[in-house]
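See below for the structure under consideration.
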Amino acid sequence: MLEKNYNPKEFEEKIYEKWEKSGAFQPDMRSDKEAFSIVIPPPNVTGVLHMGHALDNTLQDILIRYNRMLGKKVLWQPGTDHAGIATQMVVERNLAKQGLTRHDLGREKFIETVWEWKKQSGGTICKQLRRLGASCDWSRERFTMDEGLSRAVRKIFVSLYKDGLIYKAKKLVNWDPALETAVSDLEVVQKETVGKMYYYKYPLEDNPNEFIHIATTRPETMFGDTAVAVSKDNPKLKHLIGKNCILPIANRVIPIIADDHADPEKGTGAVKITPAHDFNDFEVGKRHNLPMINILNSNATLNENTPYAGMTTQEARVKTIEELEKLGLMEKIEDHPMVIPYGDRSGVVIEPYMTDQWFVDAPKLAVEARRAVHDKEMEFVPAVYEKTYFEWMNNIQPWCISRQLWWGHQMPIWYGPDETICEENEEEAQAAADKHYGKHVELRRETDVLDTWFSSGLWAFSTLGWPEATEYLKTFYPTSVLVTGFDIIFFWVARMMMMSMYMMKRVPFKKCYIHGLVRDEQGRKMSKSKGNTVDPMETIEKYGADALRFFMASSETQGRDINLSDSRIQGYRNFATKLWNAARFCEMNQCYSVKDFDIKNVKFPINKWIVAKAKEATKNVTDNLNNYRFSDAANAVYQFVWGTFCDWYIELTKPIFYGDNDEKINETRATAAWVLDRILIILHPFMPFVTTELWNNLTTRKVDLIKAEWPQHEVFGEEDKRVIDRAVEFISAVRSLRAAMNLPAVAKLTAYVKASDVDLATLIAQNNLICNLARLDKLAPLGNMEISKDMVQTVCRDTTILIPLKGVVDFAAERERLNKELETLNKNLDGYARKLNNKEFVSKAPEKVVAEEKRRQAEALENKAKVEEALARIANF
RNA sequence: GGGCGCUUAGCUCAGCUGGAAGAGCAUCUCGUUUACACCGAGAGGGUCGGGAGUUCGAACCUCUCAGCGCCCACCA
């Protein structure tokens, strides 16, 4: 017996354990069925589940479960990411609590500590994914720093290097002074701020009483100035080109050069050039072969190339201004709106910084990655995201992949006395070096590690065993679909495309489903600092994982952000309760007691009706899932379960179950059980827990629900829905009339019906059902009976329903009701007439549309006549 | 500056190929019934941001105006 109440806590975790233990998540490799695979976007190994994960993984699990039920060979490949910067930061923060830095430990010991930390806290998010119901094949769990994946990283690195697609260069890069590492363009976030614009002047060398006027937001960088630029088209300043000026404080002579970077309209028209600390100036410096003076230490304090060595940039700025004022060179300071780059992890100001770094030739790799999407080898869903993808790929810059961190894949680069060697391991590197030099030489390994996204870029094939030609790789690559958020398109999707096209010559996934962000109830972005985050674990605790999942699915309309809504999640918990109670109803009525009943043989109208509706709902869910229309799919099940099965079918079965027609009872029991099973099947991908619990408790089963067959190509005929559809409409019409007339539910009424012979017969045949649900004691043909003024009337299609009220009719109210009805009818009739009198409409619109319009007009005319009749009847009361 | 979206019921949002405007929540009225009050029945509520155009027909296509948002680049 089912418990009286739906209580997800009772069974969700138990069910999951059973699934996992039974190997239900593992593909049957012996099967020759079509393969379906998804690689999970690997969460940070030390991360905890947030609502974004809940959405992302719910969608994946729906696709995985659906395809598994379709009988495919299904793999959901799970794993975690070492998340270089993020993880290193966490561990360093922990060390800081003990007053230690990573340097106190040294590289080796520090890395050991990180592994230790990973061991401790690394499992959290995977446990949480289990709680959500994610049916990943955990036996294949991978980690981006696993031996196998590390080997893949080294192999592809060497390959790229030898193909000239990885190179080292001294370039200006984004430098994070807190982490003391280079970061990529994508890891820099630009923030609007109100800063200051400083106007001051540099004296000319040949006449110190003449000046060139400068405007800058960063006066402290002047010690790195190696020129001042003006535009050759600047009539006011071009006479200065070729002269020199004196850099105050430093007292260094620098040239005034002509360069179009200097916009006559901006600032003073003259711009100081600091090639080592500004991306534009760097380009100018290259054009004019200017010296590049680095003025910063790696922690962004000023270095000995400046008079203010050791000061922070802020301190140096204050000092510089003071000095300039003393020298009488300072002119004015204005507020100035500007954008300042911050590190997305560290949150500190990013400095353009000249260092040796390693780059991937992304522009070259982008060519194939672009083509594959262009040729639809990989398709974005929704398709608009390919515009974002192309836009970025078309403007792609070399990708800085070296990080001056300790936690990550150390680059497989060794330096000999004057040679750089790239091999997969030390032995090979040594051998190559020895051969090159003709003797044994000492090698020094590059200390930089790789950007985390380098190894994630290989995820689609490295997790499947590459570089080995494994069975899994052969079977599941390319994967079927990648599900991720739009914020990851550049970081990950694009990199995976480039890496996969380069190494595998095939796309990593055939489809890429992009979803939006989960926001808070007011549509604001969730963030810890705002304090508006909601922990999915708490939601699951409160409403169950199924409710949260269903919320995610039903809210997911392609590509749009989702606003979290507690009331909606609660609503889906209620939905699960509703289903639970419907199942209890079936249980109480011994629906599962009927053996050997073939659903193809149903005879009775309500059963034929619900079978047809169930098939319709199934098709609806199937079609929508096939098109990644999660909300439509979820809503189709919801609507069928609650709106059709519970609200109508169960109500319709009651008079049968409470009656004494055994044949009817038996067939209805069997049908109810069949429909409930069908519901459990099509709802399972969305709500795997409650459906499984019910599946297992209602009767003994030959198959587990997780592997139950998804109904496809059903051969039995299209059952007649018309009879019950008519009854439903009829009942609704009577109920509506009762409510409008304020008739108490206890009052049993008689309804007389005027309709065509066919309709009449149809309705009378369902007499029992209709009377029960519409609270009538009698349903009879009007026949030749005279319509009295005491009858209230309503129309439903071409059927007129008349209910005698024996003196209780409030004629004024009734007149008002009828008049209102008449008004609507007239309005509609105007519309029909306007259309049908329009010759163009009649001649140009498809025949079907015209016919439908005519039918509506005829029906409305008929109804109008009936209403007018009724009004006439009570005119004098 | 470049790109991409959004504006539909009080709220949050659906509406896929143009053919009588939908859901959930909220609101109002009423509740006979052992599946369910985490419930049932009924109802109200929309010039589909403004304007113009294409079309027999526009929430949907085109143009335009207004407001909002996101991404990328840049601002001495």
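First the proteins, then the strands, lettered A, B, ... as listed; each starts at 1.
No engagement by A:A229 is indicated, since no non-hydrogen atom pair under 4.0 Å with the nucleic acid exists. Across all strands, A:T217 comes closer than 4.0 Å only to sugar-phosphate atoms, never to a base (heavy-atom distances). Across all strands shown, A:E651 has heavy atoms under 4.0 Å from base atoms, whether or not it also approaches the sugar-phosphate. Residue contacts shown for A:C646 include a base, since a base heavy atom lies under 4.0 Å away. Among the protein residues, A:R584 comes within range of the sugar-phosphate backbone only, with heavy atoms under 4.0 Å from sugar or phosphate atoms but none that close to a base. Using a 4.0 Å heavy-atom criterion, one finds that A:V849 contacts the bases of the nucleic acid, with or without backbone contacts as well. A:K266 comes within contact range of at least one nucleobase, with a heavy-atom separation under 4.0 Å. Residue contacts shown for A:A739 are limited to sugar-phosphate atoms, with no base heavy atom under 4.0 Å away. If you check every strand for non-hydrogen atoms under 4.0 Å, A:P744 touches nothing. Base contact: A:D263 has a heavy atom under 4.0 Å from a base atom.
With B:A35, B:C74, B:C39 as the choices, the nucleotide that has an atom nearest any side-chain atom of A:Y658 turns out to be B:A35. Here the side chain of A:S631 is nearest to one of B:A14, B:A35, B:C13, namely B:A14. Across B:C13, B:C74, B:A43, the shortest atom-to-atom separation from the side chain of A:T557 is found for B:C13. Comparing B:G40, B:A35, B:U32 against the side chain of A:R775 picks out B:U32 as the nearest. In this structure, of B:C56, B:C6, B:C36, it is B:C36 that holds the atom nearest to the side chain of A:K4. Distance from the side chain of A:M197 is smallest to B:A76 among B:A76, B:C25, B:C74. The nucleotide whose nearest atom lies closest to any side-chain atom of A:A262 is, among B:A76, B:C16, B:G42, B:A76. The side chain of A:F490 lies closest to B:C72 when the candidates are B:A14, B:C70, B:C72. When each of B:G5, B:A14, B:A41 is scored by its nearest atom to the side-chain atoms of A:R735, the top-ranked nucleotide is B:A41. Picking from B:G42, B:G40, B:U32 the nucleotide with the shortest atom distance to the side chain of A:D647 gives B:G40.
Heavy atoms from other residues, nucleotides or ligands lying under 6.0 Å from CD of A:E3 number 12 at most. Within 6.0 Å of the CD atom in A:E729, the count of heavy atoms belonging to other residues, nucleotides or ligands exceeds 12. Environment of NZ in A:K848: sparse, with no more than 12 heavy atoms of neighbouring residues, nucleotides or ligands closer than 6.0 Å. In A:Q522, the CD atom is crowded: over 12 heavy atoms of neighbouring residues, nucleotides or ligands sit closer than 6.0 Å.
The side chain of A:R519 contributes no N or O atom lying less than 4.0 Å from OP1 or OP2 of B:U12. For B:C4, the OP1/OP2 oxygens have no side-chain nitrogen or oxygen of A:T388 closer than 4.0 Å. Using a 4.0 Å cut-off, no side-chain N or O of A:H213 falls inside it from OP1 or OP2 of B:A76. Considering only side-chain N and O atoms, A:W642 lies under 4.0 angstrom from the phosphate OP1 or OP2 of B:G40. Taking only side-chain nitrogens and oxygens, A:K654 comes nearer than 4.0 Å to OP1 or OP2 of B:A35. Close to B:C39, at under 4.0 Å from its OP1 or OP2, lies a side-chain N or O of A:N574. Contact between the side-chain N/O atoms of A:R568 and the OP1/OP2 oxygens of B:G24 is not found at any separation under 4.0 Å.
Ring centroid separation for the pair A:F686 and A:Y638 does not come in under the 6.0 Å cut-off. In summary, the aromatic rings of A:F575 and A:F550 are positioned with their centroids under 6.0 Å apart. Remark: aromatic rings of A:F211 and A:Y200 are distant, center separation not under 6.0 Å.
With hydrogens and angles left out, the side chain of A:Y638 and the base of B:A23 share no donor-acceptor pair within 3.5 Å. For a distance-only test at 3.5 Å, the side chain of A:K578 qualifies as a donor-acceptor partner of the base of B:C36. Between the base of B:C38 and the side chain of A:T577 there is a donor-acceptor pair shorter than 3.5 Å.
To the nearest whole angstrom, the two C1' atoms, one in B:A21 and one in B:G15, are 9 Å apart. For the C1' atom pair drawn from B:A59 and B:A14, the interatomic distance equals 12 Å after rounding to whole Å. Taking atom C1' on both nucleotides, B:U47 is separated from B:A9 by 14 Å, rounded to a whole Å. The C1' atoms of B:C13 and B:C56 are separated by 33 Å, rounded to the nearest whole Å. B:U32 and B:U17 have their P atoms separated by 48 Å, with the value rounded to a whole Å. B:C30 and B:A35 are spaced 22 Å apart, taking the C1' atom of each and rounding to whole Å. Taking the P atoms as reference points, B:G3 lies 46 Å from B:U27, given to the whole Å. For B:C63 and B:C6, the P atoms lie 14 Å apart once the distance is rounded to whole Å.
Nucleotide B:G69 has B:C4 as its partner under the Watson-Crick or G-U criteria, with both atom distances under 3.5 Å. Summarising the base pairing, B:C63 is matched to B:G51 through a Watson-Crick or G-U wobble pair whose two defining distances lie under 3.5 Å. B:G46 is unpaired under the Watson-Crick or G-U wobble criterion, no partner having all donor-acceptor distances under 3.5 Å. Nucleotide B:A20 forms no Watson-Crick or G-U wobble pair with any nucleotide shown, as no partner meets the under 3.5 Å limit on both distances. Across all strands shown, B:C38 remains unpaired; no Watson-Crick or G-U wobble contact has both distances below 3.5 Å. Searching all strands for a Watson-Crick or G-U wobble partner of B:A14 with both distances below 3.5 Å returns nothing.
Counting to the nearest Å, the P atom of B:G40 and the CH2 atom of A:W648 are 13 Å from each other. The nearest whole Å value for the distance from the CG atom in A:N563 to the P atom in B:G69 is 14 Å.
A 4.5 Å side-chain heavy-atom check between A:R629 and A:Q558 finds at least one atom pair inside the cut-off.
Panel note: side chain A:D281, backbone A:P275; no donor-acceptor pair is recorded below 3.5 Å.
Heavy-atom nearest nucleotides on RNA chain B were determined for A:Q522 and for A:R856, and the one closer to the 5' end corresponds to A:Q522. Nearest-nucleotide mapping onto RNA chain B: of A:N624 and A:E192, the residue sitting toward the 5' end is A:N624.
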